[in-house]
Number of protein chains: 2
Amino acid sequence: MSGTQERPLRADAARNRARVLDVATEVFTSRGVGVPTEEIARAAGVGVGTLFRHFPTKEALLEAVMVRRLEEMAAMTARLAAGADRAEAFFACFRLVVERSSGKNEFAQALAAAGVDVHAALRAPTEEIQTRLAALLSAAQQAGAVRPELCLPELLAVLVGTGAMLEQLGPDPAPRERIFEVVFDGLRPR
Amino acid sequence: MSGTQERPLRADAARNRARVLDVATEVFTSRGVGVPTEEIARAAGVGVGTLFRHFPTKEALLEAVMVRRLEEMAAMTARLAAGADRAEAFFACFRLVVERSSGKNEFAQALAAAGVDVHAALRAPTEEIQTRLAALLSAAQQAGAVRPELCLPELLAVLVGTGAMLEQLGPDPAPRERIFEVVFDGLRPR
DNA sequence: GGACAACCGGAGTGTCCAGTCCGTATCGTT
DNA sequence: AACGATACGGACTGGACACTCCGGTTGTCC
């Protein structure tokens with residue numbers, strides 16, 4: 001369907017593209033999506049022209065960053081979902097998604113504000129993660145490890161919200177752990 | 001200390017100032033802090049000049065909006081903290097703060113990004129709310145209604161995060177209620 | 001009702017930033 | 001080595017937006 005039959009990039013072009021993506025991931029995540037494009041280019045050691053040839057708009061760059069992070073997350077959830085017992089897998093996945101999604105909500109907001117259809121643009125990887133989470137959720141519920149009335153949209157909200165909680169805290173692991181205890185206990189049946 | 005001894009405003013000036021504040025609260029809350037200043041002015045029926053005379057920068061306007069909302073919240077928490085039994089008051093306050101703080105986190109981020117010292121600028125009202133929450137927290141803990149290891153910074157994180165959860169959901173009250181159940185159960189001792 | 005200060009409106013200014021364009025450099029191929 | 005295709009850099013453009021300035025208006029006080 002997607003008619004993007006790519007001719008292989010020239011060696012330097014591929015290198016530059018990858019560098020820009022890496023730098024953008026790093027900078028956008030640590031300093032927010034407001035950082036000017038030119039700064040990303042400088043940090044990646046390329047000119048703005050080069051950046052915009054690979055990613056025709058700033059939103060396209062944001063989107064590419066998100067897609068990659070989501071794909072990584074999907075792969076990791078897949079690995080986690082395979083092993084261990086059902087309940088354990090659910091909570092491990094929850095942790096993983098929360099911890100690896102710092103700042104992603106801001107991305108999504110920025111894209112939405114720019115009029116990009118987030119659901120369409122990121123369909124494939126989000127769908128994979130969501131179906132996997134849905135499977136883990138109902139398995140954990142059948143195992144009696146998660147309250148049965150909870151459904152997927154609520155779980156997703158809890159994921160996002162837990163991410164927001166952690167962002168309020170410093171890097172000290174003890175309070176972060178206590179947050180997880182609160183949320184996990186809340187997710188379990190009474 | 002603060003040398004702002006104000007001469008009373010002329011009638012029309014006071015009216016305009018109030019209108020701008022109201023409109024800004026409404027617009028910033030519903031459409032985000034990115035809305036241009038000129039639009040606020042138009043919606044309030046004043047020129048930009050007038051707006052900037054009352055609030056010398058956009059951040060000053062944001063700050064004024066936040067101060068007012070925080071003061072309202074402080075007053076409401078005060079009222080709630082007075083009545084009822086300890087545990088009930090705690091959870092009622094929690095609800096109130098979460099429900100009335102939609103979008104406030106975005107405000108804080110915007111101010112911080114602009115180099116405003118949020119803690120200094122909003123000290124008075126935030127401090128009142130925080131001390132009141134701290135009192136409610138330890139009372140609820142002594143009553144055995146909240147897990148004893150939780151401390152104030154974590155509670156604040158949970159508040160912010162719960163707000164983020166609700167923002168993911170539509171206006172339908174049933175899922176929102178389920179979120180509160182999850183969080184409240186998590187806050188209670190095992 | 002008149003005079004002065006306080007206040008208003010909105011055209012104009014400076015700045016920032018996403019995105020373009022084209023002369024130059026680099027890659028890959030024969 | 002030499003040539004065409006591909007990619008690069010960064011000066012430049014256009015638009016958006018926060019904030020200023022000043023001629024005109026309105027409130028207030030005697």
Side-chain angles (χ1 to χ4, degrees), chain A residues 4-24 27-28 31-66 106-107 109-116 121, chain B residues 4-24 27-28 31-66 106-107 109-116 121:
Chain A
T4 46
Q5 46 159 323
E6 323 242 313
R7 224 187 336 81
L9 286 172
R10 228 171 65 176
D12 54 348
R15 198 167 44 240
N16 282 333
R17 203 194 121 92
R19 263 234 266 285
V20 169
L21 240 191
D22 285 345
V23 170
V27 173
F28 283 146
R31 292 176 44 205
V33 298
V35 178
T37 328
E38 195 184 331
E39 205 167 321
I40 307 272
R42 223 194 345 268
V46 298
V48 274
T50 300
L51 189 153
F52 278 106
R53 201 168 322 102
H54 288 302
F55 306 97
T57 67
K58 186 176 187 180
E59 286 79 44
L61 177 56
L62 281 184
E63 206 179 294
V65 170
M66 272 203 88
E106 193 198 355
F107 281 43
Q109 275 174 241
L111 286 176
V116 177
Chain B
T4 48
Q5 46 157 328
E6 321 242 315
R7 225 183 343 78
L9 286 172
R10 225 171 67 175
D12 53 348
R15 197 168 43 240
N16 282 334
R17 203 193 123 93
R19 262 232 265 285
V20 168
L21 240 190
D22 286 345
V23 170
V27 173
F28 283 145
R31 292 175 44 204
V33 298
V35 177
T37 329
E38 196 183 330
E39 204 168 322
I40 307 272
R42 223 195 345 267
V46 298
V48 275
T50 301
L51 190 153
F52 279 105
R53 199 166 327 102
H54 288 302
F55 306 97
T57 67
K58 187 177 185 178
E59 286 79 42
L61 177 56
L62 280 185
E63 208 180 293
V65 170
M66 273 203 85
E106 195 199 353
F107 281 42
Q109 274 174 241
L111 286 175
V116 177

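Lettering of chains follows the sequences in order, A, B, ..., and the numbering in each one begins at 1.
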Asks: Looking at the side chain of A/Leu9, which of C/dG19, D/dA7, C/dC7 is the nearest nucleotide?
Replies: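 That would be D/dA7.
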Asks: May I ask you to evaluate whether B/Arg10 reaches the phosphate of C/dA5, defined as a side-chain N or O under 4.0 Å from OP1 or OP2?
Replies: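 Indeed not, no polar side-chain atom of B/Arg10 lies that close.
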Asks: Between D/dA7, C/dG19, C/dC7, spot the one nearest the side chain of A/Arg53, thanks.
Replies: D/dA7
Asks: Using heavy-atom distances to pick each residue's nearest nucleotide on DNA chain C, tell me which of A/Arg15 and B/Val48 is more 5'.
Replies: B/Val48
Asks: Please report, rounded to the nearest Å, how far the C1' atom of C/dG19 is from the CD1 atom of A/Ile40.
Replies: 15 Å
Asks: Between atom CD in B/Glu59 and atom P in D/dC17, what is the gap in whole Å?
Replies: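 That distance rounds to 15 Å.
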Asks: Output the single nucleotide from C/dG9, C/dC8, D/dC19 whose closest atom is nearest the side chain of B/Lys58.
Replies: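 Of all the options, the side chain of B/Lys58 is nearest to D/dC19.
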Asks: Over how many whole Å does the gap from B/Arg42 atom CZ to C/dC8 atom P extend?
Replies: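 From B/Arg42 CZ to C/dC8 P: 18 Å.
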Asks: Rounded off to whole Å, could you give me the CZ-to-C1' distance for the A/Phe55 and C/dT20 pair?
Replies: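 Computing the A/Phe55:CZ to C/dT20:C1' distance gives 18 Å.
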Asks: Could you check how far CD of A/Glu63 sits from C1' of C/dA18, rounded to whole Å?
Replies: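 Taking atom C1' of C/dA18 as the reference, CD of A/Glu63 is at 17 Å.
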Asks: Using whole Å, what does the distance between atom P of nucleotide D/dA18 and atom CD of B/Glu39 come to?
Replies: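 From B/Glu39 CD to D/dA18 P: 10 Å.
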Asks: I'd like to check A/Leu111 versus A/Met66 (side-chain heavy atoms, cut-off strictly below 4.5 Å). Are they in contact?
Replies: yes
Asks: Between B/Phe52 and A/Gly45, which has a closest nucleotide on DNA chain D that is more 5'?
Replies: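 Between the two, 5'-proximity favours A/Gly45.
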Asks: Taking all atoms of both residues into account, what is the closest heavy-atom pair of A/Glu59 and A/Ala114, and its distance?
Replies: CG-CB, 3.6 Å
Asks: Taking CZ from B/Arg17 and C1' from C/dG9, how many angstroms apart are they, rounded to a whole number?
Replies: 19 Å
Asks: Of the candidate nucleotides D/dG9, D/dA11, C/dG9, which contains the atom at the shortest distance from the side chain of A/Val46?
Replies: D/dG9
Asks: Among D/dT28, D/dC8, C/dC7, which is the nearest nucleotide to the side chain of A/Ala13?
Replies: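 Nearest to the side chain of A/Ala13 among the choices is D/dC8.
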Asks: Counting only heavy atoms not in A/Glu38 (residues, nucleotides, ligands), do more than 12 fall under 6.0 Å from its CD?
Replies: no
Asks: Just call it for B/Gly34: base, sugar-phosphate, or nothing, with non-hydrogen atoms closer than 4.0 Å on any strand.
Replies: nothing
Asks: Heavy atoms, side chains only, cut-off 4.5 Å: are A/Glu63 and A/Val116 in contact?
Replies: yes
Asks: Which of the following nucleotides, C/dA18, C/dC8, C/dT26, is nearest to the side chain of A/Asp12?
Replies: C/dT26
Asks: Give a yes/no answer on whether the side chain of A/His54 brings an N or O atom under 4.0 Å of OP1 or OP2 in D/dC8.
Replies: yes
Asks: Report the nucleotide, chosen from C/dA18, D/dG10, C/dC7, that has the shortest atom-to-atom distance to any side-chain atom of A/Pro36.
Replies: C/dA18
Asks: Any side-chain heavy-atom pair from B/Val20 and B/Leu61 closer than 4.5 angstrom?
Replies: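 In contact.
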Asks: Could you tell me whether the side chain of B/Arg53 reaches within less than 4.5 Å of the side chain of B/Thr50, counting heavy atoms only?
Replies: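 Contact flag for B/Thr50/B/Arg53 side chains = yes.
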Asks: Using OP1 and OP2 only, check whether a side-chain N or O of A/Asn16 sits under 4.0 Å from D/dC8.
Replies: yes
Asks: By nearest atom, which of the nucleotides C/dG9, C/dC27, D/dT20 is closest to the B/Thr50 side chain?
Replies: C/dG9
Asks: Could you check how far CG of A/Leu51 sits from C1' of C/dT20, rounded to whole Å?
Replies: 14 Å
Asks: Check whether any side-chain nitrogen or oxygen of A/Thr37 sits under 4.0 Å from OP1 or OP2 of C/dC17, and answer yes or no.
Replies: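 So the side chain of A/Thr37 is outside the cut-off, no N or O lying under 4.0 Å from OP1 or OP2 of C/dC17.
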